[in-house]
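Take a look at the structure set out below.
Atoms considered below: every heavy atom in the structure, side chains included; atoms not considered: hydrogens, waters and symmetry mates. Order of the sequence lines fixes the chain letters, A, B, ..., with proteins taken first and strands second; residue numbering starts at 1 for each chain.
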Amino acid sequence: MRFFSPYFILSFLLAFGAATAAYSQTKGNLWLATGLQLQSGRDRGFSPMIYSGNRSFSLAAFGIESPHKTETFQFEFGYGPLTNRFGNSLNALSAGLLNYTFYHKESPAERGLHWGWSNQNVFNIRRHNGFTNYSLRYDYFTAIGPALRYTYPFEWKGQSFKWQTLAHWQVVGFQIKSGYIGADPEGLSEEKTGFGNLLRAVDPFFAGKEWSMGLESSLIWTLPTGNSLAIRYRPEISSLGGGQPVQRLGQAVLVMVTIRLW
Amino acid sequence: MRFFSPYFILSFLLAFGAATAAYSQTKGNLWLATGLQLQSGRDRGFSPMIYSGNRSFSLAAFGIESPHKTETFQFEFGYGPLTNRFGNSLNALSAGLLNYTFYHKESPAERGLHWGWSNQNVFNIRRHNGFTNYSLRYDYFTAIGPALRYTYPFEWKGQSFKWQTLAHWQVVGFQIKSGYIGADPEGLSEEKTGFGNLLRAVDPFFAGKEWSMGLESSLIWTLPTGNSLAIRYRPEISSLGGGQPVQRLGQAVLVMVTIRLW
Amino acid sequence: MVKQARYFWILVFFLLSCEQWVLPTDPSPDPIEVFDRLWEDVNDRYSFFSHKAIDWEQVRETYRARVSDDMGQLELYELLADMLFELRDGHVNLSTGFNRSRNWDWYQEFPVNYDENLIEQEYLGTDYWISGPLLHQVLDEVLYVNYRSFAQRISESNLQVVVERAKRSRGVIIDVRNNGGGNLSNAELLASAFAEEEMEYARQRIKSGPGPEEFGPWEPMVLNPWEEGTFTGLVVVLTNRRSYSATSFFAQMMKTLPNALLLGDQTGGGGGTPVFGELPNGWTYRFSATQTVDLENRQLEDGVLVDLRLDLDPAAMQRGEDNLIEAAISLLRR
Amino acid sequence: MVKQARYFWILVFFLLSCEQWVLPTDPSPDPIEVFDRLWEDVNDRYSFFSHKAIDWEQVRETYRARVSDDMGQLELYELLADMLFELRDGHVNLSTGFNRSRNWDWYQEFPVNYDENLIEQEYLGTDYWISGPLLHQVLDEVLYVNYRSFAQRISESNLQVVVERAKRSRGVIIDVRNNGGGNLSNAELLASAFAEEEMEYARQRIKSGPGPEEFGPWEPMVLNPWEEGTFTGLVVVLTNRRSYSATSFFAQMMKTLPNALLLGDQTGGGGGTPVFGELPNGWTYRFSATQTVDLENRQLEDGVLVDLRLDLDPAAMQRGEDNLIEAAISLLRR
């Protein structure tokens, strides 16, 4: 997993970049970022205790900026051990795809406030190291909601800088969670047919009962070559209700390079 | 390890980039690459059998090109399980720093054959999963030797491409290897003083008895923005004699992005 | 433009203030809180209340009165251990680092029926084979296999040699007395080497909600013949009251096979797979969260009954004989 | 320009052709090759040839003649097992998947002196404490601790409770009979809880080259008192011939302490740390590669002698008594 994700993403981008390089009106960018995420979470299916720790966290994103809108496809990956305050531990892995679209028909793309929407898909899996049975639990959700972006460019000592904050709030979608005791979602094994089975395991995701929102604040230093180096701070929360509730809180600090593809 | 390496490298580059951006005559580039390495190796301290497998392999490099010479500092990291043909396994981790300097006073930097020298530092550590005692062994060497680079730029369907092959051969240096039975190098524990101890553990590295050589062949697609995407093939061999000999053979295929910093 | 940035500062502060709301701090480690958490989790997820006719509300009333927030950790441990003891279940433990509570009534009141020293000296001898965790020796043309813990993994090559030696013998004895269980996959692998065809041997269901009768559907448990080849001659499995958990499942698998029979005393039970939990003071616990029944809907929790009931005879032991092994040998040689 | 590229093609082909030269293929799995590899590796790395007066060249002559490339794997296994048996070392094994060779003469010829059923029924009872792998019970104001395998990790909190209970008792019995060893760090941790001050208890050296007497320097092995607090009252350690490897080291540590004494039979030995190896047919093996001597330069390989020699008495057993435990109790209560 650790290895294949950036590999496949880059392969995809190589192919994708080649296909879209012909667009003359657009700009294509690639982001690569890596850093640490302080994650805290609770899964009632395991314990009433909070498990937290510093995980490694990386992301790779691809963005297309056309005159009227900006689209970003961001793949995220986090992995590491979390412990509770008595030293019990679990290993938590997250993989997600976070897509943004922002509209800037009336104002320049480089500056100001832009509205848009976002789509978030997150898969979380954790293995408890102290439990011999039912030690694996996971959850997944996909949801859409509004997004907001604020960009403020400035100069400092003759260099170009940019402050950018993105916010997203997931409103409606679907979720799948591990069952009351075991790893398989409730209802998954009742029938033998694959798809009917899957449908039984899917629950709705509604803002109010479920939550997922986050910010991405970046301080970006744009190089004369058009590439940039940046530091990003990325707080986020998520909470899935029903069955055994799952809550999570993450704060990642990342160093990031942006590569202008065209 | 997995997380800190790219993180620190990037932090270092951010600082380093800022310091050197003032040079007007030079070009600064950052490479990031990830892929798979088919590694085969034998450590007589463990077994007469070859252990091989596909490991994840990544590298981050920083290069400065001035009118007369090109310098590259490349950090490499590989990790993964290797198995012998009966299914026994060990986990092998490699971390290395490979530096190149090429001279091109008489010919353009973009084309042709250039001589130079290289310095390679590699640390390898492996843990055997089937052995209960003395299951950890490692080796390290640092050596210098000649290097050669050939660059051939060409155009295809209106896009700029470049074929580049680098070769290096390590001639003289130092090595430290695990002992006859245990992980600690022979002689390491004879005295209690740290430095005298370390000197006892160090053996010379001489081409003929020891070997380390490798190639890096890249097919590079240069984007209009000055950045590039590339595929790199990277065969290498190394062999350390004396005590319990260690031999290794690696072939990595990597996808790579190059980021023009200035 | 900068004015618009205010939205963002509001957002940032909102998000940071969510922390306590989304993820409240850990519950208090006070004895009353600890007691309530444990009682409630057992109430919600334990699977044998109705089968064992346990009134858990009544248990709460008895023990809750004895909890106070100024009691010591040792007293609290003893109280909780006593409460869990009422479940009469070997898969229930409370682990504290200083002690681990357990209920071993399922074997402590019954004859031991197993003497390891005797088996090593009189049956295994010094030249028995060690194939991973399987210790085996040929006794009067019969292959005797001793397996002491299903927690020890059987590899395919371990099993291969047992099957091959079995084929050259007049039958197999598998001794899982005192085997306290372990991993179900080892039980399935070992039993699969003696199965001629696919067969259902039990059905299992799992708690699916906090209600006392909230269970998922009954799922069949199926044994498949080992693909590398099986031994379909006669097999005698020796069990005692200390054959527990995965060993009960193994006994049930073998009992279902037409070519195998169980000899000795019934198994201790352990038909519920345990789920784990944590208390706010860091102690961990486990208890059964599933039910397993045989093909006649008898709970495996009550133990798997043998086909031939036989106890170890002290007089035979005095002669240096294990009369269970001797009985199995004469059965197989008949 | 393109002409220069030829250098590179030459380089590439050179590099690829190096493969066989840098990394020759695996040796042949033929019996003769397998035999030679094993004999040679033992010859180079085994540590007790001179101490045990073994003529390994002579052993080669005896066994090499019986190897042929058309022999079966089972025959080859038996031949190699017989050859390794000559080392008279419990830390020597050949593992093949179907069987594991061993030399257990160090206990098989001696009295067992240990009955687990007896200890469970008469001493531990049903209400003993379980602190990780340490099972303990107070007997006549004396703390009896039973530890069955140094392979099972002792945690700091496990040890804490033993030390605390020890402090409230008139002395401690640590029963490591039948404990076949495991991890030296568990031995050091357990012994450290009874050490008043830092002390050297043994010296160890490791093979450093293929010559029969090529060893690194003697390194002292040191026991440090446990930082969390120690029990410095009287301790009796019970050992038998099956106390081996890490258990011999533990016995040696305790023997060096002024407040502890050993009772029972000497330990089985196992004073060499085993190194592992692989044969070209995939079998693995291990054998001793170090030597350890006590403060009088006596090899731990020969076993650690007890302070008080005592065997289990069948008459006492008949009465339901373990006379070693009884002797330890009366020693501590004196």
Shortest non-hydrogen contact between Ala289(D) and Ile181(B), atoms and distance:
CB-CD1, 3.7 Å

Flag if over 12 foreign heavy atoms under 6.0 Å of CH2, Trp163(B):
yes

d(Asp44(D) CG, Arg44(B) CZ) to nearest 0.5 Å is 11.5 Å

Note: Ser208(D) and Glu186(B) closest approach over all heavy atoms is CB-OE2, 3.3 Å

Student check: side-chain heavy atoms of Pro48(B) and Glu33(D) closer than 4.5 Å:
no

For Leu23(D), does its backbone N or O pair with a side-chain atom of Arg248(B) as donor and acceptor, under 3.5 Å?
no

ring-ring contact (aromatic ring centres under 6.0 Å, His included) involving Tyr180(B) - partner list, sequence neighbours excluded
none

Engaged part of Ser95(D) at the chain B interface, taking heavy atoms whose separation is under 4.5 Å
neither

Assess whether atom NZ of Lys69(B) is packed by more than 12 heavy atoms of other residues, nucleotides or ligands within 6.0 Å.
no

Chain D contact via Thr132(B) - which portion, at a heavy-atom distance below 4.5 Å:
both

Less than 4.5 Å apart, any side-chain heavy atom of Tyr134(B) and any of Thr273(D)?
yes

From Ser47(B) OG over to Asp26(D) CG, what is the distance, rounded to the nearest 0.5 angstrom?
7.5 Å

If you compare all heavy atoms of Ile206(D) against all heavy atoms of Gly182(B), which two are closest, and at what distance to 0.1 Å?
CD1-N, 4.0 Å

Go through it in stages, so that I can follow the logic: the residues are Phe131(B) and Glu278(D), the test is side chain to side chain contact (heavy atoms under 4.5 Å, CB included), and I'd like the CA-CA distance, side-chain angles, deciding distance and then a yes or no.
CA-CA 10 Å; Phe131(B) 297 172; Glu278(D) 276 180 342; 4.1 Å; yes

Within a 6.0 Å radius of atom CH2 on Trp104(D), are there more than 12 heavy atoms belonging to other residues, nucleotides or ligands?
yes

Within 6.0 angstrom of Glu106(B) CD, more than 12 heavy atoms from elsewhere:
no

What closest approach, in Å, do Arg42(B) and Pro27(D) show between heavy atoms, and which atom pair accounts for it?
NH2-CD, 4.3 Å

Mind checking the CG-CE spacing from Asn281(D) to Met49(B)? Nearest 0.5 Å is all I need.
8.0 Å

